[in-house]
Amino acid sequence: MEFFCYHRDRPGSLPLREELGEAHWAYMDRYEAKLIARGPTFAPDGESPSGSVHIVDLPDPAAARAFAFDEPNYQAGVYRDVLLRRWRNLLGRTMWDFPGGRTGDDRHLVLGLGSGPAADLDVPPGHHELIAYGPLLSDDGAMWLGTAALVRAPDAEAARSVLTREKYDDIEVHDWEFGGRR
């Protein structure tokens with residue numbers, strides 16, 4: 001089962017995040033073979049971390065909750081909240097398989113949060129710019145709750161365009177970059 005996990009940083013937690021850097025890396029190393037995508041998001045200044053994205057393949061919702069809430073930064077109070085949802089990998093690949101590579105053009109996390117009928121259940125045209133794409137689902141996978149995408153795009157507006165705006169209650173766009181040890 002695939003899960004989307006987005007830890008959002010608490011304001012003022014950068015010193016604690018930096019202090020726990022190696023503990024975070026060591027924790028994620030345990031899941032390396034199960035990670036589909038990972039990496040930090042950034043505040044509007046483009047420099048300050050604002051969160052961490054992890055898309056991971058785990059056996060069940062209980063394992064996903066343990067992954068999200070046992071993470072050292074979460075345990076220490078770096079994060080203000082966690083978005084954890086079942087996810088379906090519509091591209092069938094990891095971020096490391098993205099033909100555009102790790103560096104270059106702007107990368108974004110696009111989160112479409114919805115409460116109505118399911119939307120954007122197929123890969124949109126121009127999928128060669130998508131790094132990861134899939135629906136956010138309830139724990140049992142039966143209910144659509146939105147869509148999460150990692151996309152290469154020149155700006156936030158272009159990134160947002162991968163989703164059908166009127167089908168969502170809210171669409172968030174965050175600067176994002178490939179994560180993992182280099």
Side-chain angles (χ1 to χ4, degrees), residues 1-14 16-17 20 24 27-28 30-31 34-44 48-91 94-95 107-121 124 130-151 153 156 159-165 167-180:
M1 289 181 190
E2 298 151 335
F3 294 88
F4 175 87
C5 181
Y6 183 37
H7 291 97
R8 297 175 196 258
D9 284 23
R10 185 174 44 83
S13 65
L14 181 58
L16 184 55
R17 179 192 258 266
L20 294 168
H24 169 79
Y27 183 81
M28 289 303 154
R30 295 173 26 204
Y31 293 93
K34 302 198 174 289
L35 287 164
I36 296 164
R38 66 188 288 187
T41 58
F42 295 92
S48 305
S50 62
S52 290
V53 172
H54 296 92
I55 303 174
V56 61
D57 189 0
L58 295 168
D60 54 46
R65 283 189 288 280
F67 169 83
F69 298 113
D70 290 346
E71 196 276 339
N73 287 340
Y74 178 82
Q75 288 291 311
V78 170
Y79 303 127
R80 68 176 167 98
D81 60 49
V82 179
L83 174 64
L84 179 63
R85 294 284 182 244
R86 282 274 304 269
W87 187 76
R88 188 171 305 121
N89 186 354
L90 295 183
L91 298 178
T94 71
M95 71 179 201
R107 315 301 169 98
H108 305 275
L109 164 64
V110 181
L111 283 175
L113 305 172
S115 59
D120 297 322
L121 295 176
L130 293 172
I131 299 162
Y133 185 88
L136 298 169
L137 304 165
S138 59
D139 279 356
D140 64 3
M143 183 182 297
W144 176 86
L145 303 170
T147 305
L150 299 171
V151 62
R160 185 177 279 110
S161 72
V162 303
L163 300 183
T164 310
R165 289 177 197 249
K167 301 290 184 176
Y168 296 87
D169 298 328
D170 187 30
I171 297 177
E172 301 175 11
V173 179
H174 305 271
D175 289 345
W176 172 82
E177 71 179 30
F178 277 57

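Just so you know, residue 1 is the first one in the sequence shown, and it goes up from there. A quick note: this is a predicted structure, and the numbers were derived from the prediction, not measured.
Looking at heavy atoms from C-beta onward, Cys5 lies out of side-chain contact with Val56 at the 4.5 angstrom threshold. At least one side-chain heavy atom of Val78 sits less than 4.5 Å from a side-chain heavy atom of Leu20. Side-chain contact between Glu177 and Phe42 is present, with at least one heavy-atom pair separated by less than 4.5 Å. Counting only heavy atoms from C-beta outward, the side chains of Asp175 and Thr41 never approach each other to under 4.5 Å. The shortest distance between side-chain heavy atoms of His108 and Leu150 does not fall below 4.5 Å. Residues Val151 and Tyr133 have side chains not in contact (no heavy-atom distance under 4.5 Å, counting atoms from C-beta outward). The closest side-chain heavy-atom distance from Ser13 to Asn73 is not below 4.5 Å.
The side-chain hydrogen bond (donor to acceptor under 3.5 Å, both in side chains) check on Asp81 picks up Arg8, with sequence neighbours excluded. Every residue two or more places apart in sequence or in another chain was checked for a side-chain hydrogen bond (donor to acceptor under 3.5 Å, both in side chains) with Asn89, and none qualifies.
Looking only at atom types and distance, the side chain of Asp120 has a donor-acceptor partner in the side chain of Thr164 under 3.5 Å away.
Of the possible donor and acceptor atoms, none in the side chain of Trp87 sits under 3.5 Å from a partner among the backbone N and O of Glu2. Here the side chain of Asp57 pairs no donor or acceptor atom with the backbone of Leu35 at under 3.5 angstrom. Here the side chain of Arg85 pairs no donor or acceptor atom with the backbone of Ser138 at under 3.5 angstrom. Between the side chain of His7 and the backbone N or O of Ala68 there is at least one donor-acceptor pair closer than 3.5 Å. Of the possible polar contacts, one joining the Asp169 side chain to the Ser115 backbone as a donor-acceptor pair under 3.5 Å is found.
Between Pro135 and Leu121, the shortest heavy-atom distance links the atoms CB-CD2, 4.0 Å. Of all non-hydrogen atoms in Arg160 and Val173, the two that sit nearest each other are NH2-CG2, 3.6 Å. Here the closest non-hydrogen pair linking Leu111 and Ala148 is CD2-CB, 3.8 Å.
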Would Val162 and Leu130 count as a side-chain contact (heavy atoms from CB on, under 4.5 Å) if you check the C-alpha gap in whole Å, the side-chain angles of each, and the deciding distance to 0.1 Å? CA-CA 9 Å; Val162 303; Leu130 293 172; 4.1 Å; yes
Evaluate the criterion side-chain contact (heavy atoms from CB on, under 4.5 Å) for residue pair Tyr79 and Arg10; output intermediate values, then yes/no. CA-CA 5 Å; Tyr79 303 127; Arg10 185 174 44 83; over 6 Å; no
Could you walk me through whether Ile131 and Arg107 pass side-chain contact (heavy atoms from CB on, under 4.5 Å), step by step? CA-CA 9 Å; Ile131 299 162; Arg107 315 301 169 98; 3.8 Å; yes
For Arg17 and Ser52, run side chain to side chain donor-acceptor pair (under 3.5 Å): C-alpha distance rounded to whole Å, both residues' side-chain angles, the deciding distance at 0.1 Å, then the answer. CA-CA 11 Å; Arg17 179 192 258 266; Ser52 290; 3.2 Å; yes
side-chain contact (heavy atoms from CB on, under 4.5 Å) between Ile55 and Arg38: does it pass, once the steps are laid out? CA-CA 6 Å; Ile55 303 174; Arg38 66 188 288 187; over 6 Å; no
Any chance you could lay out the ring pair (Phe, Tyr, Trp, His ring centres under 6.0 Å) test for His174 and Tyr6, step after step, and finish with the verdict? CA-CA 11 Å; His174 305 271; Tyr6 183 37; 5.4 Å; yes
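Note on Asp139 versus Arg86: no salt bridge recorded, every NZ/NE/NH1/NH2 to OD/OE distance being 4.0 Å or above.
From Leu137, atom CG reaches atom CG of Leu145 across 7.0 Å, with rounding to the nearest 0.5 Å. Going from atom CZ of Arg88 over to atom CZ of Phe4 covers 15.5 Å, rounded to the nearest 0.5 Å. The distance from the CG atom of Asp140 to the CE atom of Met1 is 9.0 Å, given to the nearest 0.5 Å. Here the OH-CD distance, from Tyr27 to Gln75, works out to 8.5 Å after rounding to the nearest 0.5 Å.
Ring to ring, Tyr31 and Phe67 are close: their centroids are under 6.0 angstrom apart.
Note on ring orientation: taking the six-membered ring where Trp is involved, the planes of Trp144 and Tyr168 are tilted (angle from 30° to 60°).
Here the rule is side chain to side chain contact (heavy atoms under 4.5 Å, CB included) with Leu136, and of Thr147, Leu113, Leu84 only Leu113 fits it.
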